[in-house]
> 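First the structure, which I've put down as structure tokens, then a few questions once you've had a look.
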Amino acid sequence: MFYKKIVSKLVAIGFIFLLFFASFVPAQAATDNSLQEVKDKGTLVVGLSADYPPYEFHQTIKGQDQVVGFDISIAKKIASDMGVSLDIKEMGFDSLLGALKTGKIDLIISGMSPTPERLKEVDFSDPYMTVQQKVVVRKADADKFTSTQDFNGKKVGAQKQTTQEELAQNELTGSSVVSLQKVPDLILNLKSNKIDGVVLEGPVADAYVSQDKTLKVSDITFVNGEKETAIAMQKGATSLKNQVNSSIQTIKDKGLLKEYQKEANELMFQKGGFFEQYGSYFVKGTLYTIALAAIGVFFGAIFGAFLALLKLANTRWLRWPATWYIEFVRGTPLLVQIFIVFFGTQVFGLNLTAFISGCIALTLNSAAYVAEIIRAGISAVNKGQMEAARSLGMTRGAAMRYIILPQAIKNILPALGNEFVTVIKESSVVSIIGVSELMFMTGVVQGASFKPFIPLIITSLIYFALTFSLSRLLGVAERRMKTSD
Ligand code: ARG
């Protein structure tokens, strides 16, 4: 009896809860404006990961960096059929589903295959292609890898959160799978013997191999290697889906896909000299890096000076916050701080660009180090100086200004210069949120050129040139100041 009562109460409570939450869930089927919304916006926002030739990849066309490939042609066709313009948003393949679900993008056109797990989260159009999965190996080792069994005890690579990752886990028995975010990084790992194979979509495998004489597509075939490729949209976006399907139908009927593929292949092989093609990427990256570092150090110095003053204050209520800030910032990784600023500002409704977020993170980080530099510089001035100044009748403030600070500056400036050198190097971490600084551009060049290693060397030389010339300049300045002693 008692038991029954409780159950019925629970059921009632459950029902109320259900009603409560149901009122927050939009009734999707009834209010599907997905197509109209895109038309009202006037732009179709397509998300993709441009590391996937011939689907989508970077190429320099008339000196301009562009994302091209047959997925892009399909996207253009869909947008023009809808009478809207196309906006391409690039991100890691593993961020696409999240971006679609949160409405940051309208469609995913990124060689994505419908899988049961994905179908729980999003809807898919009709497939526009069916392809086989392949394993790319080093040509020299090609004989060693002829069946799925041969990877027993070996490392194989696959792109994070893809069907290839799953396939490697399921069918390359006994292998351990290395999952990375970008395909060029996988190729780099393969070429430098870190892994022995990379599972790739057939056309992508062929594209990479055709660009690199040291690689080969192995004869290995998968049991479940056949995968479809389709376009993803939000769940319940039926009108948008129908529109996309009708464009896909036209593409199929008119045999346009063949054309798109041919164009993509031609673009892939369009070659110029390396620097002619990618020089501008490095220049752009370098300018961004200098800007980031300069802004970070400049504002970091201002904020850092303020922190140093707090730290030297006589009241502990001023000292404590500064001390804790400095300890916290110096005791946590810059990478984490960058993410906190980038996503934190978003949580507070500030939609800052990646560049601004990067500048803020570097400023906040650098300030903690600058504060210590300034504090140490001031403390290093002999105590007797303050006593002497005070005994001459100067106030504490005046003594600080006319006696202590001028001497402290000599300790501070060189250290501040070193901080600049450090920030130049550290700013490379900002690439993680997609600021087009040097490190980020290196990744782009790696992907576009199919050369995983050379861009890294060039980038290291650029960083070195920047830091080395800066520290030389600082050396000169320091010697000047010494002679004025
Ligand atoms: N077809 C695979 C999947 O759906 C991989 C697609 C990767 N696409 C890319 N642009 N990197 O999981």
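Counting convention: from 1, in listed order, for ligands and their atoms alike.
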> Grab the two heavy atoms, one from Gln446 and one from Asp185, that are nearest each other, plus how far apart they are.
OE1-OD1, 4.1 Å
> Salt bridge (charged side-chain N to carboxylate O under 4.0 Å, His left out), that's the test. Do Asp196 and Lys144 meet it? Break it down for me.
CA-CA 10 Å; Asp196 291 308; Lys144 291 192 216 154; over 6 Å; no
> Of all heavy-atom pairs between Phe124 and Ala230, which one has the smallest distance, and what is that distance?
CD2-CB, 3.9 Å
> To the nearest 0.1 Å, how far is atom 6 (C) of ligand 1 from its closest protein heavy atom, and which atom is that?
Gly111 O, 3.2 Å
> Assess Phe93 for proximity to ligand 1: is some non-hydrogen atom of it under 4.0 Å away?
yes
> Pick one: which of Glu56, Gln261, Glu263 meets side chain to side chain contact (heavy atoms under 4.5 Å, CB included) with Ser73?
Glu263
> Which residue holds the protein heavy atom closest to atom 8 (N) of ligand 1, what is that atom called, and what is the gap in Å?
Ser110 O, 2.8 Å
> Provide the number and element of each atom of ligand 1 under 4.0 Å from a heavy atom of Glu201.
1 (N), 2 (C), 5 (C), 6 (C)
> May I ask you to check whether Gln161 and Gln181 show a side-chain donor-acceptor distance below 3.5 Å?
no
> Check Lys227 against ligand 1 and report side chain, backbone, both or neither, counting heavy atoms closer than 4.0 Å.
neither
> Show me which atoms of ligand 1 lie under 4.0 Å from any heavy atom of Met112.
4 (O)
> Which ligand 1 atoms, with their elements, are less than 4.0 angstrom from a heavy-atom of Gln159?
7 (C), 9 (C), 11 (N)
> Just to be sure I read this right, does ligand 1 sit under 4.0 Å from the backbone of Val183, its side chain, both, or neither, counting only heavy atoms?
neither
> Report the residue from Asn245, Thr229, Asp71 that forms a side-chain hydrogen bond (donor to acceptor under 3.5 Å, both in side chains) with Tyr128.
Asp71
> With ring centroids as reference points, do Tyr52 and Phe57 lie under 6.0 angstrom apart?
no
> Out of all atoms in ligand 1, which are within 4.0 Å of some heavy atom of Asp51? Include the element for each.
9 (C), 10 (N), 11 (N)
> Within ligand 1, which atoms have a heavy atom of Thr162 less than 4.0 Å away?
5 (C), 12 (O)
> Looking only at protein heavy atoms, which one is nearest to atom 5 (C) of ligand 1, and what is the separation?
Gln164 OE1, 3.2 Å
> Side chain, backbone, both or neither: which part of Arg118 has a heavy atom under 4.0 Å from ligand 1?
side chain
> For Phe274, look at atom CZ and say whether over 12 heavy atoms of other residues, nucleotides or ligands are found less than 6.0 Å away.
yes
